[in-house]
Trainee: 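Quick one: structure below, then a few questions.
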Amino acid sequence: MRKSEIIVLLIFLLSLAISIYFYPKLPDKIPSHWNIQGEVDGYMSKFEGLFLMPIVLLVMFLLFIIIPKIDPLKSNIEKFRKYFDGFIILLFLFMLSLQIFIIFWSLGTKIRPQILFPIGLGVLFFYIGFLLENAQRNWFIGIRTPWTLSSDSVWDKTHKLGGKLFKIIGIIALIGIIFSKYAFWFVIVPVIITSLYLFIFSYIKYRAENR
């Protein structure tokens, strides 16, 4: 088993242990959703709220192991595997922080989501920038449009640009902490605009290459 697989397995087991430990300590209903003002507007039973995260992490762990093995271009994944592994570890840590955030909120320690999400997602987006810059063409990881998957050249150009843009997105998300009232927009709007732009960019580059 790879070192990264051991780390994410330990994070999953920690998440499960936290759920079991806090189950008798929490109320029957715990928060599950917050609006853009940071107010709770959704609840679920404590069983669902506590054990949904370990289940999600377990599914993600299995995918983490399976995807690099079944991809027809798995040899390409191995070329940037350390960046992929690093992303998975960061993602698991972010998910674990969400679980702890929900537990703390349920116990009365209310950390504002306008702080947690910009920080967590900002770090993730910034690291995705490194992942994209180093990603080789494959079927599961990266900016997968019909045109990037059809051309190594278009893949490389799109991912080099995407890497730079996602680093910028990460910084913008972190800036959202300062403007907490609008933190949601600092996170979601740059992602939508960048995703759309990269989709169009890959198409234009493919058309230019095949004229």
Side-chain angles (χ1 to χ4, degrees), residues 4 8 36 56 59-60 63-95 97-98 113-211:
S4 56
V8 295
I36 60 176
V56 170
V59 172
M60 290 171 55
L63 290 175
F64 172 50
I65 294 176
I66 293 171
I67 285 175
K69 298 181 184 300
I70 66 173
D71 194 307
L73 297 171
K74 58 186 177 182
S75 60
N76 280 352
I77 293 180
E78 291 305 315
K79 296 175 182 178
F80 65 97
R81 185 63 189 266
K82 66 177 182 178
Y83 294 98
F84 175 58
D85 290 353
F87 169 72
I88 295 298
I89 292 171
L90 280 178
L91 180 60
F92 268 61
L93 289 173
F94 176 66
M95 300 293 282
S97 71
L98 290 183
Q114 294 97 326
I115 294 177
L116 173 68
F117 286 94
I119 293 176
L121 293 175
V123 171
L124 271 177
F125 290 147
F126 194 85
Y127 188 85
I128 287 174
F130 290 106
L131 175 62
L132 294 180
E133 287 176 341
N134 291 275
Q136 303 293 309
R137 187 163 62 92
N138 68 93
W139 287 93
F140 290 100
I141 306 161
I143 304 166
R144 301 176 313 283
T145 71
W147 311 290
T148 56
L149 291 173
S150 300
S151 166
D152 282 325
S153 174
V154 175
W155 175 282
D156 290 340
K157 292 175 182 177
T158 303
H159 281 73
K160 293 299 181 186
L161 176 61
K164 293 180 176 63
L165 293 178
F166 265 86
K167 289 178 182 177
I168 294 172
I169 290 174
I171 294 171
I172 292 174
L174 291 172
I175 293 174
I177 300 171
I178 302 173
F179 307 96
S180 59
K181 186 177 180 180
Y182 306 101
F184 173 82
W185 303 111
F186 274 78
V187 172
I188 196 66
V189 172
V191 172
I192 294 174
I193 293 175
T194 298
S195 299
L196 180 60
Y197 177 74
L198 291 173
F199 182 84
I200 297 172
F201 176 86
S202 67
Y203 171 73
I204 293 173
K205 290 299 178 182
Y206 183 81
R207 286 290 302 272
E209 184 180 89
N210 286 277
R211 280 180 187 150

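Quick caveat: nothing in here was measured; it's all calculated off a predicted structure.
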Trainee: Would you compute the distance between atom CD1 of Ile188 and atom CD1 of Ile169 and round it to the nearest 0.5 angstrom?
Mentor: 10.0 Å
Trainee: Below 4.5 Å, heavy atoms only, C-beta onward: do Ile168 and Phe125 meet side chain to side chain?
Mentor: no
Trainee: Output yes when a side-chain donor or acceptor of Trp147 lies under 3.5 Å from a complementary backbone atom of Ile204, and no otherwise.
Mentor: no
Trainee: Would a distance-only check, ignoring hydrogens and angles, find a side-chain to backbone donor-acceptor pair under 3.5 Å from Asn210 to Tyr206?
Mentor: yes
Trainee: Would the distance check show the side chain of Asn138 and the main-chain N or O of Gln136 forming a donor-acceptor pair, the cut-off being under 3.5 Å?
Mentor: yes
Trainee: Does a side-chain heavy-atom distance below 4.5 Å link Ile175 with Ile171?
Mentor: yes
Trainee: Quick one, Leu116 and Leu98 - any side-chain contact, counting heavy atoms below 4.5 Å?
Mentor: yes
Trainee: Determine the minimum heavy-atom distance between Ile143 and His159, stating which atoms define it.
Mentor: N-NE2, 2.8 Å
Trainee: Which heavy atom of Ile77 sits nearest to which heavy atom of Ile67, and what is that distance?
Mentor: CD1-O, 4.4 Å
Trainee: Enter the distance from Leu198:CG to Leu161:CG here, rounded to the nearest 0.5 Å.
Mentor: 5.5 Å
Trainee: Would you say that Phe186 contacts Pro118 through its side chain, given a criterion of any heavy-atom pair below 4.5 Å between the two side chains?
Mentor: no
Trainee: Treating Thr148 as the side-chain partner and Thr145 as the backbone partner, does any N or O pair qualify as donor plus acceptor under 3.5 Å?
Mentor: yes
Trainee: Determine the minimum heavy-atom distance between Glu133 and Lys160, stating which atoms define it.
Mentor: O-NZ, 2.8 Å
Trainee: Working to the nearest 0.5 Å, report the span between OG of Ser150 and CD of Glu209.
Mentor: 9.5 Å
Trainee: Nearest heavy-atom pair of Ala173 and Val187: which atoms, and what distance?
Mentor: CB-CG2, 4.1 Å
Trainee: Give a yes or no on whether the backbone of Gly142 and the side-chain of Arg144 come within a donor-acceptor separation of less than 3.5 Å.
Mentor: yes
Trainee: What orientation do Phe94 and Phe117 show, parallel under 30°, tilted 30 to 60°, or perpendicular over 60°?
Mentor: perpendicular
Trainee: Ignoring hydrogens and angles, tell me if any N or O in the side chain of Lys167 forms a donor-acceptor pair with the backbone of Phe126 under 3.5 Å.
Mentor: no
Trainee: How are the rings of Phe130 and Tyr127 set relative to one another: parallel (under 30°), tilted (30 to 60°) or perpendicular (over 60°)?
Mentor: tilted
Trainee: Going through the checks in order, is the side chain to side chain contact (heavy atoms under 4.5 Å, CB included) test met by Leu165 and Tyr197?
Mentor: CA-CA 10 Å; Leu165 293 178; Tyr197 177 74; 4.0 Å; yes
Trainee: Are the side chains of Gln114 and Phe184 in contact, using a 4.5 Å heavy-atom criterion?
Mentor: no
Trainee: Of all heavy-atom pairs between Ile172 and Pro190, which one has the smallest distance, and what is that distance?
Mentor: CG2-CG, 3.9 Å
Trainee: If you look at every heavy atom in Trp155 and Ile141, which pair is closest and at what distance?
Mentor: CH2-O, 3.3 Å
Trainee: So, taking the atom named CD1 in Ile193 and the one named CG in Leu196, what distance separates them when rounded to the nearest 0.5 Å?
Mentor: 8.5 Å
Trainee: Would you compute the distance between atom CD of Glu78 and atom CG of Leu73 and round it to the nearest 0.5 angstrom?
Mentor: 12.5 Å
Trainee: Is the backbone N or O of Val191 less than 3.5 Å from a side-chain atom of Thr194, with the two atoms forming a donor-acceptor pair by type?
Mentor: no
Trainee: Determine whether a donor-acceptor pair (N or O, by modelled atom type, separation under 3.5 Å) exists between the side chain of Ser4 and the backbone of Asp85.
Mentor: no
Trainee: More than 12 non-hydrogen atoms from neighbouring residues, nucleotides or ligands closer than 6.0 Å to CZ on Phe140, yes or no?
Mentor: yes
Trainee: When rounded to the nearest 0.5 angstrom, what distance separates CZ in Phe87 from CZ in Phe84?
Mentor: 8.0 Å
Trainee: Is there a donor-acceptor contact under 3.5 Å from the side chain of Asn76 to the main chain of Arg137?
Mentor: yes
